[in-house]
Every structure is written in structure tokens, then in C-alpha cells.
Amino acid sequence: MSMEPQNNEYREQRLQSMKALEEMGFAPFGRKYDHKDLARVREEFVEGETVRVAGRLLMIRRMGKMNFCTMNDGTGRFQAIFKRDELPEAQFAAFKQLNLGDIIGVEGTLFTTQRGEKSIVCKEWTMLAKALEQPPEKFHGLADQEEKYRRRYVDLMTNDESRERFFMRSNIIKETRKYLWDKGFCEVETPILQSQAGGAAAKPFETHFNALDQKMVLRIAPELYLKRLIVGGMNKVFELGKDFRNEGIDRSHNPEFTVLEVYEAYGDRTSMENIIEGLIPHLCDTVVGTRRIEYGEAKEIIDFTPPYRRVAYKDLVKELMGEDWFGLEFPVQLEKAKALAREKEVNLELDGVETELMLTHEIYDKMIEKNLRQPTFVTRLPHEFVPLAKACEDDPSLVDVFEFVVGGRELCPGYTEQNNPLEQRKALEHQAGEDTEKIDEDFISALECGMPPTGGLGIGVDRLVMLLTGCDGIRDVVLFPQMKKA
RNA sequence: GGGAGCGUAGCUCAGCUGGUAGAGCAAGUGACUCUUAAUCACUGGGUCCAGGGUUCGAAUCCCUGCGCUCCUACCA
């Protein structure tokens, strides 16, 4: 657990081996080495061809005059063979000084063993980097969660699965950009360092700007700046970047996380539904290789083939509680909910629940959303839950938004954005309460210049990656998750 | 925030009602020219997370601290 260099028998031995190599004329830390990726060597394997490869020694099977090593260069594993017959005497002798974890370059000829293992028979090898630290056990790899997160490089070098997951994350981000660029969206960058935090209800991280002697915050959402761009006539924009929220850490929350926000002028929430219905299948096709993804411990199959179900919040509630639900008296509703909860063995939290709205929402939370396994847009939510969004045209008590639910969890919301500056001010003032300083006057002022009707979308990229890689913890898809100082 | 659990060799883990610390892998030496979690023989390796307490005696029991994990609550 110590972060200081190990000072043990391994380190001593390796320092000695380093010295021995130097004395034999092998510089323990090499320079640029032109080579072919191991994955390509395997793919384009030609018996007898001479190639140069490089990588870390993962396993060494010493048999005296013929030795087998498993190398790993980050693209894949490959076997290298060190035979006395095939190597200059000095090279064969120096081979004995190699340890697990060392990085070497190998020049040799491609060869298939009797057991059919594609290999390279070494003719000449080069020391590229000596490892002074002993790598983790070859079979289990690094298993300790804490150590995996704190020393991700050790996790990456030993666990192929972990490394592949992060390459997959990189591809998801690349293909997300590509998809949006191809649809005519413009990628922008807005301030992360802001004088006031807006666009979400969350505690910001605070910092101090010395030159201006001014308190600053890290953004909690890019929303308000992106809408300014819509006002300015950048009609289709997106930003892919980090938000920071000064709140707790758990399996689905990291204080710094990656978000994608998309805004489309002259659109509405349905424009955003179309983007999700296009983007997610695109990611499935280009990155995952299937639209049917295994999810959770139960290995439940989630099918991302569009179109996705669209259903109004109230219709979902009626499906469960009966067509007449919203006409019933509150005490009747309460009894009915309790009875159903008992039947389904669900624990409803009813303390302080005094209205139809609150009760209905508790029912939705505990008994409806969890059962929406396949991709679903839940639309037409009560105004109270999303106070800043634009009301539905035909019913001012509802807002024209969706929550996109997959696997029983909300993945992302989409909005028909509020473009009436008077309504927006009212809503913001209501939210801010006493704290009127919290209102971003410049943002209101932007709206007063006239913002076209607009659809907006915000996706937690980490959670999207979790879904597509079948992980159930955010720390498994963030390279260096936030940890307490050890 | 509330609850439960964990921290032992480089790594993965055993260690019962308290009696001077164990295995596998890894390492060192030796044998072996088709191994692949190679095999075989011998050898070395520990601040039992840190600090305090109980005890003749603590990895083990108690307290405090640090870190992690799980459940639960909160979270546009």
C-alpha cells in the first residue's frame, strides 16, 4: 500500500540485475525502437518472416536452453522464444538477467510451435526498460480494488480486460464526436472556471483567482453558456467535457465527471430523442459490435435497436395503478398504493407524503422506473419535478421533457428548453429563494435577446460507458477515480 | 449521514475459543531445447494498516485514527 518505492529483496535483486546487464554491455534503459504491434504480428502472421516487436515480459518459462516468454505491448500478447542455438552467446547469457515486468525489443523470425502457438524466435534482443518493481501475480493480476484505482498503471499492464475497457471508452467518445459532427453539430468549449455556477442544482468546487482577487467556481454544467451560443446563432452545438460537483462519491458518482450536452435550435425534446435513437445504435455498431448488450449481474439483455418506447409519465402510472388513479381521493390512493406495495414486497417511503403528486412519484420511483428495462423515453413529467423546463403546449401542469430510462435507471434527460425570459426568470428566482445573487443575469439578458425554440440534451458519458461496457461502477470506467488521500 | 465488513510476504489469500506466522504464485540456486497459470528439488522472504489498552502473552479481544468495500440515504 505504500506509495514509496518498495525497498525489499525484489528491488535489491533487480538493481543488481540492472548492474549486471550494464557490465555485460546492455544499457538497461533503451531508446526508440521501431517495431510492429503484437496484435498486427498475430493477424498478419507469415511463417519465417523477420520482424521486430517490443513489449513487457508478462511470463517467463525457463527451460534451460530454450525459454518461452509471454510479451504484452498493449495491443495484445505474443510468445517470444529464446533458444541458445539461435542467439549470440552474450545475448543468451544476458537473457538470464531479465525479470518479469522488464520491457524489451525482440528481433527474430516468426515460427509456429508444435502445439500451434504463434511465436517469434529471437535472434537479437534489446533492453528498453528495466522494471525495479515486482509486477502482481500472473494469474489473478491486481485484484485489490483500491490498488487498481490508485495505481491504474499496474492494473492496465496486467489486466487485459481493464485495458480493453478503457480503449472502448476512448472509442465511444471518438464515435460520439463523429456522430454529432456528421449530423452538422459544432463542437464548442465553454468556461469551466466560472464566477458563478449555474445550469444545475449542485454544490460547486470553489477556488480563488489570485490576479483578480476573486472567488471562482468550477462549473457544475455547461448549459447556460451553450444556450448563449444558441442565442448567438450557433444553431447546433455540443460540448463534451467535464463537470465538477462537490458532493459525495459512490458507485455511480465521481466528483469530476464527463458530460455531453447537445442543443439544437428550432428543435424540441423530440429532436433530442432522435439523436439518442441515432447515437446509441451508432455506438453499439461501431464500438461494441452488438446492439444487444448484457447488463448487470443477471446478464439481462438490453436491446438498443430503435425505435425506443415513448410513454407519458401519467400513462405509466395508470398502467400500474389503474385508469381511474388520477380521479381517486388521496386517502383511497394511499390505501391502494400501500396494498400494492405489500403485494409486491416494495418498501414505499411515505413519511411526509401528503399529496397525489408526491405519492405518485414515490410509486414511480419504487415500482415503475425500476421495471423499465428496455430503452424508454418517459415524457410529459409534472412541472414540479423539472421547474426550469418549458410547459407542454396542451397542459401547463406538465413539462415537455423526457427522461431516457434503460435497465431501470435514468440515463439522461432531454428538454424542450424554456426560451421565454420572463418565465425563466420567475423559475430561477423561485429556485434561488432568498439567494438572488445566484441568478445569472447575463444569461437572462441573453434570453431577452431572443432564443429560438430549442431542444437540449445532457448525457453522463461515464454512465453511458458503464452501460455499454457492462460495468456497474463508475470507478471502473474512469481511469483515475477520485480517492481520499492515502 | 446511518449500518455491516475488510486491511497478514511483491501479488492472491488462509490463520478456530489469545500461546512466538502459513499456502500458491513471484524471487534465489540447481535440472531440463516445444513450454504456455510449464514441471521437479532445495533456499530466502513479514512494522500482521497506524497508535493506545486488556493480558504472563495479541494478527486474534477492546478503544481511537487512517484507507478501502458493500448495503442504505441524499444527489436536475
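Protein chains get the first letters and strands the later ones, always in sequence-line order, with residue 1 at the start of each.
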Round to the nearest Å and state the distance from A:I249 atom CD1 to B:G67 atom P.
-> 11 Å
Who passes side-chain hydrogen bond (donor to acceptor under 3.5 Å, both in side chains) against A:Y149, sequence neighbours left out?
-> A:D476
Sorted by chain and residue number, the side-chain hydrogen bond (donor to acceptor under 3.5 Å, both in side chains) partners of A:E277 (sequence neighbours excluded) come out as A:R310
By side-chain hydrogen bond (donor to acceptor under 3.5 Å, both in side chains), which residues pair with A:Q13, not counting sequence neighbours?
-> none
Across all chains, not counting sequence neighbours, the side-chain contact (heavy atoms from CB on, under 4.5 Å) partners of A:E43 are none
Identify, with sequence neighbours excluded, every residue that meets ring pair (Phe, Tyr, Trp, His ring centres under 6.0 Å) alongside A:Y295.
-> none
Would you indicate which nucleotide in B:C74, B:C68, B:C11 comes nearest to any side-chain atom of A:L142?
-> B:C11
Answer yes or no: is there a donor N or O on one side and an acceptor on the other, between the side chain of A:E124 and the main chain of A:E107, under 3.5 Å?
-> no
Show each protein N/O and nucleotides 39-49 of chain B N/O combination with a separation under 3.5 Å, one pair to a line.
residue: B:G44; atom: N2; partner: A:E9; partner atom: OE1; Å: 2.9
residue: B:G44; atom: N2; partner: A:E9; partner atom: OE2; Å: 2.5
residue: B:G45; atom: O2'; partner: A:E9; partner atom: OE2; Å: 3.4

How many Å lie between CD on A:E86 and P on B:U35, as a whole number?
-> 17 Å
Is the base of B:C75 touched by the side chain of A:H253 through a donor-acceptor pair closer than 3.5 angstrom?
-> yes
Out of B:U33, B:G67, B:G28, minimum distance to the side chain of A:K65 belongs to B:U33
Side-chain donor-acceptor contact under 3.5 Å, A:T416 with A:D268 | no
What are the residues of residues 396-409 of chain A, sorted by number, that bring a heavy atom to within less than 4.0 Å of RNA chain B?
-> none
Do any side-chain atoms of residues 382-392 of chain A form donor-acceptor pairs under 3.5 angstrom with protein atoms, and if so which ones, sequence neighbours left out?
residue: A:K390; atom: NZ; partner: A:N419; partner atom: OD1; Å: 2.8

From the list B:G67, B:U33, B:G28, which nucleotide is the closest neighbour of the side chain of A:K83?
-> B:U33
Test for a donor-acceptor pair under 3.5 Å between the base of B:U35 and the side chain of A:Q79, counting only N and O atoms.
-> yes
In Watson-Crick or G-U wobble terms, both distances under 3.5 Å, what is the partner of B:G1?
-> B:U72
Residue list, side-chain hydrogen bond (donor to acceptor under 3.5 Å, both in side chains) with A:D102, at least two apart or on another chain | A:K130
For atom C1', what is the distance between B:A21 and B:A9, given to the nearest Å?
-> 10 Å
Tell me yes or no: between the side chains of A:R61 and A:Q79, is some donor less than 3.5 Å from an acceptor?
-> yes
What residues 66-76 of chain A contributes to the RNA chain B interface at heavy-atom separation below 4.0 Å is A:M66, A:F68
Atom pair CG (A:L110) and NZ (A:K36), whose distance is rounded to the nearest 0.5 Å = 7.5 Å
Nearest-0.5 Å distance, NZ of residue A:K148 to CZ of residue A:R475 | 13.0 Å
Should B:U60 form a Watson-Crick or G-U wobble pair with both distances under 3.5 Å, which nucleotide is its partner?
-> none
Any cation-pi pair here, A:R228 with A:Y225, using under 6.0 Å and within 45°?
-> yes
Return the residues of residues 458-483 of chain A meeting this criterion: a heavy atom under 4.0 Å from some atom of RNA chain B. Order them by number, or give none.
-> A:R475, A:M483
For A:F205, what residues pass the side-chain contact (heavy atoms from CB on, under 4.5 Å) criterion, not counting sequence neighbours?
-> A:L218, A:F244, A:N246, A:P255
